J.: 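Structure provided below as structure tokens; questions to follow.
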Protein chains: 2
Amino acid sequence: MATIKDVARHAGVSSATVSRVLMNQGNVSAKTAAAVQKSIAQLGYHPNALARQLRRQHTQTIYVIIPSIDNTFFSEVYRGIESEALVHHYQAFLVNTNNDKNQENLFLSALVQKQTDGIISLSAAAATGVIERQVAGLPMVIACQYLEDGSLPNVAIDNIAAAKEAVTHLLDLGHRNIGCLSGPATNVLYRDRLTGYLRALAEHDIPVNMGYVSYGNSTLQSGYDRGLELLLGHPEITAVFAAGDVMAIGSMKAARRLGRRIPQDYAVVGFDDLDITRFCDPPLTTIHQPMFEIGKYSMQTLLDLIEGKPTQNQRLLEYRLIVRESTVEHA
Amino acid sequence: MATIKDVARHAGVSSATVSRVLMNQGNVSAKTAAAVQKSIAQLGYHPNALARQLRRQHTQTIYVIIPSIDNTFFSEVYRGIESEALVHHYQAFLVNTNNDKNQENLFLSALVQKQTDGIISLSAAAATGVIERQVAGLPMVIACQYLEDGSLPNVAIDNIAAAKEAVTHLLDLGHRNIGCLSGPATNVLYRDRLTGYLRALAEHDIPVNMGYVSYGNSTLQSGYDRGLELLLGHPEITAVFAAGDVMAIGSMKAARRLGRRIPQDYAVVGFDDLDITRFCDPPLTTIHQPMFEIGKYSMQTLLDLIEGKPTQNQRLLEYRLIVRESTVEHA
DNA sequence: AACAATTCTGATAACGATTACATTTTGAGT
DNA sequence: ACTCAAAATGTAATCGTTATCAGAATTGTT
């Protein structure tokens, strides 16, 4: 690979001059600039980003930590991040932790070493790791989740209120025995959504049966498994609130297998509003999260952080309940 | 951030010694090693990867180019890549091009500059860009697709044979008017699958009606749109071969909307065997691709390339038809 | 033609690590 | 104690850039 020196020699100038045209910060005559450009093209020269970044002490690069790459929810948030990064000439890279603590640790220390300008984590768990490891100081924002000690800026929706609205929708339809398919209790997100579920019940003076809430792991299969259990163990349940569309879809299959018709015998509401929910049979009633915007604002916040501007510590975006055909008045 | 010099000073040794314990390549007494380790811990030192890589001239890093991050097919392939990378102490990063030529170009030149050790592209289009730009020389392999001039190693399945098998399955069930939901004709993958479709028909002496083939863009929506068109324009069609599960699922909604029962009135077979296909209603008959293995072998091939070992230029893995409930004997 | 002000350009010191080579220290064997 | 090889350490060059500073070339003004 050609280096800047090769170009300099080829163009008959010093490497400083080549660097100047590379950075095009003026102060170089049109003639030599042209000559240098020509040499660059002829030699197929590409500046070495490593060397440049080492010298400049910043990378114009951010990394996004994603807990599980196969969830399209995260992909959409990522797209928002990416598009915003692009307009600010930052480059976004993705790391996938597979929900694996080991992997997270590995990546985090790798990222610190990589001298990235900033990190957006879509997992509060990973973020906790960072802080324990005292690599704070590296600009970082959390998207979709948040740290309970509020130590890092975050952008998300109000999950408690949203979940409450979803469950209230079921209550308004006359359902009284409502199951809850939650995610891992270690995750704030699912704790909040569970809280919303409980509050909605409380507001309608419905006694809580903790047997109605089941904890899955956000996969289709666990939506199916937990959904099956729920219906088998509590046949009186007529509706379910799933704290994620993926689990909702899994549970719909479980209901069908038990001969329940959706929505007549079993109403289901999801959470997230993934693309696929419009193509289910029946289309899923769910909470819409502005995924793209969450990504976009996360990136904006990160940029503020990088540039040392003051930032809002918590940014809550708008959600909304989208009623489709998977919920109907209780018979 | 503490540098190696800080550690050296703190431990009362030279930076060379610190480097030696960092690389733990022996030749340093247990006593000083311990002292250095202690200083490292105390100062919270992390080696600067940029500097290290600049000096060592390799990064232990590979990048994976993904055309669209929201397709779970790619995620699964990526997981295979990642797991294999991990055991070889390589770090895999992801870049998403959103099927956008501009983005691809941007990323590619960025990657060259980043001095990565290698690239795995899940898009032949991106790979073509690389070659035009004469940044060959950078180890690179293509997964799932291939370049028609055979200039880069690739690992995939035999898409022609697989598509042919899928369509033959429909023919064996007695279907004669079979639609084809293809992807962009610019993509070898879809051209191959279309070829498979045509060959199956030819083998059964069924005249081809090119009106039966429609070109979508691999989204749920386009599966729906093209599927609707197909059924509206050619109501005599009783089965469809979709060159991707995502489009298959979209088209199922279109069929339902027109009052067709699946599979009785309309049989559909997909391609890929995404997780979601098991949770559709009805579960989708499809071609299973060994996504994880494709990823794994791609990474192995890339490593061989990096280490200068001889590599197999084309590796075809096994696929298989999985018959579920979306296909049934033609009435 | 002389001079100052301006614009270009080149030498060189960083950035933070690794490593070849030189040097010192250690320790075993006598 | 002395020698000598082996082990441990230090010095300094290097990776490919950018940025500071100083010097050279150009321009404009009188």
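Within every chain, numbering begins at 1; the chains are lettered A, B, ... in the order of the sequence lines, protein sequences first and strands thereafter. These figures come from a predicted structure and were not determined experimentally.
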J.: Looking at every heavy atom in both A/Asp117 and A/Gln60, which two are closest together, and how far apart are they?
T.: OD2-N, 2.8 Å
J.: Taking only N and O in the side chain of B/Gln57, is any of them less than 4.0 Å away from OP1 or OP2 of D/dG16?
T.: yes
J.: Indicate yes or no: at least one non-hydrogen side-chain atom of B/Pro153 is less than 4.5 angstrom from one of B/Gln312.
T.: no
J.: Does this structure show an ion pair linking B/Glu82 with B/Arg79, if we count only N-O contacts that are shorter than 4.0 Å?
T.: no
J.: Name the closest nucleotide to the B/Asn27 side chain, picking from D/dA7, D/dT17, D/dA13.
T.: D/dA7
J.: Is it true that B/Arg315 and B/Glu293 make a salt bridge, defined as a side-chain N closer than 4.0 Å to a carboxylate O?
T.: no
J.: Going 5' to 3' along DNA chain C, which nucleotides are the first and last within contact of chain B (any atom under 4.0 Å from a heavy atom)?
T.: C/dG16 to C/dT19
J.: Is a salt bridge present between B/Glu148 and B/Arg191, judged by a nitrogen-to-oxygen distance below 4.0 Å?
T.: yes
J.: For a quick check under 3.5 Å, do B/Ser218 and B/Tyr190 share a side-chain donor-acceptor pair by atom type?
T.: yes
J.: Contact list please: residues 28-42 of chain A against DNA chain C, heavy atoms, distance less than 4.0 Å, in numerical order.
T.: A/Val28, A/Ser29, A/Thr32
J.: Atom NE2 of A/His58 to atom C1' of D/dT17: distance rounded to whole Å?
T.: 13 Å
J.: What are the two closest heavy atoms between B/Phe73 and B/Cys144, and how far apart are they?
T.: CE2-SG, 3.7 Å
J.: Starting at NZ of A/Lys5 and ending at C1' of D/dG16, how long is that distance when rounded to a whole Å?
T.: 8 Å
J.: Just call it for B/Asn48: base, sugar-phosphate, or nothing, with non-hydrogen atoms closer than 4.0 Å on any strand.
T.: sugar-phosphate
J.: Would you mind reading off the distance between A/Arg9 atom CZ and D/dT17 atom P, rounded to a whole angstrom?
T.: 12 Å
J.: Reckon B/Ser19 touches a base, only the sugar-phosphate, or nothing at all at heavy-atom distances under 4.0 Å?
T.: base
J.: Ignoring hydrogens, what is the shortest heavy-atom contact between B/Ile120 and B/Ala143? Give both atom names and the distance.
T.: CG2-CB, 4.1 Å
J.: So does A/Arg20 get a side-chain nitrogen or oxygen closer than 4.0 Å to the phosphate oxygens (OP1/OP2) of D/dA19?
T.: no
J.: Quiz question: by atom type and distance under 3.5 Å, do the side chains of B/Thr72 and B/Ser75 form a donor-acceptor pair?
T.: no
J.: Can you check whether A/Thr3 has a side-chain N or O nearer than 4.0 Å to OP1 or OP2 of D/dG16?
T.: no
